[in-house]
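First the structure, then my questions, so here it is.
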Amino acid sequence: MIRRLALALVLLAGPLAALGPDEILADPALEARARALSRELRCLVCQSESIDDSNADLARDLRLLVRRRLLAGDSDAAVLAYIHERYGDFVLMRPPVTDRTALLWFGPFGLLAGVGGLLLIHARRKTKTPVAPVPLTAAEREQLRQLEKDA
C-alpha cells in the first residue's frame, strides 16, 4: 500500500519535472533517491535548471546515469562523486567551496561590501561642514563691479 502511494506521488509529481515515464524506477525508495540526486545536479545545457527540471537530452542521459548507478548499488555520495569527477564543479547545484569557486561563493558579498563602503565614503564627504567663503579683496571687488557694469 505504501509503495503504491509513493509511486502514485512520484507519478503525480512527474508533470512538474521533465522526467519521462520510462525513466521511473520500480522501487519508490530508489526513485525518491534518484529524484533527490537529480535536483542536486545542474543541467549542462540549460545551466540554471537541475537535470530533474530540464528537458535537454543531456539531462535525460544524466538522469538515466543516476538511476543506473543507484541500481548498481552506489550510495548517494558515490553517485554525486562519479558525476562530479566527470563534469567538474559546474554540474553541482551547490558546488563545494574551493580556491576556484571562492569567487562564486564570496564574490557577491565582496561586491556588496565594496559598494556599501563607497556609499559610506560618499555620504561622509557630503555631510562635512562647508568651508566658509573667503572674502573678496578690494581688487577683486572692483574687478567684479567692472564685469557687472559691462554685462
Applying a strict under-4.5 Å side-chain criterion to I, L, V, M, F, W and Y, I'd like to know whether V66 and M93 cluster together.
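Different hydrophobic clusters.
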Judged by atom type as modelled, is there a donor-acceptor pair below 3.5 Å linking the side chain of R42 to the main-chain atoms of F90?
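Side chain of R42 to backbone of F90: a pair is present.
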Within one Ile-Leu-Val-Met-Phe-Trp-Tyr cluster: L92 and F106, side-chain cutoff 4.5 Å
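In one cluster: no.
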For E23, does its backbone N or O pair with a side-chain atom of R67 as donor and acceptor, under 3.5 Å?
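Flag set: sc R67 to bb E23 pair under 3.5 Å.
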Quick check: is Y87 connected to L104 through a chain of hydrophobic side chains (ILVMFWY, heavy atoms under 4.5 Å apart)?
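No, separate clusters.
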Are L58 and C43 packed together at the side-chain level, in the sense that at least one heavy-atom pair is separated by less than 4.5 angstrom?
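With C-beta onward as the side chain, the pair stays apart.
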Could you pull out all residues at least two apart from D61 that satisfy side-chain hydrogen bond (donor to acceptor under 3.5 Å, both in side chains)?
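For D61, no residue satisfies side-chain hydrogen bond (donor to acceptor under 3.5 Å, both in side chains) once neighbours in sequence are set aside.
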Group every Ile, Leu, Val, Met, Phe, Trp and Tyr by side-chain heavy-atom contacts under 4.5 Å, then state whether V91 and L64 land in the same group.
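In one cluster: no.
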Hey, could you give me the CD1/CG distance between I51 and L41, rounded to the nearest 0.5 Å?
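With rounding to 0.5 Å, CD1 (I51) is 4.5 Å from CG (L41).
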R145: salt bridge (Lys or Arg N to Asp or Glu O under 4.0 Å) partners, not counting sequence neighbours
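Salt bridge (Lys or Arg N to Asp or Glu O under 4.0 Å) list for R145, sorted by chain: E142.
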Keeping R33 on the side-chain end and A29 on the backbone end, is there a donor-acceptor pair under 3.5 Å?
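No; judged by distance alone, with no hydrogens or angles, the pair does not exist.
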When Ile, Leu, Val, Met, Phe, Trp and Tyr are grouped by side-chain heavy atoms lying under 4.5 Å apart, directly or through other members, which residues fall in the same group as L144?
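Noted: L144 shares its cluster with L136.
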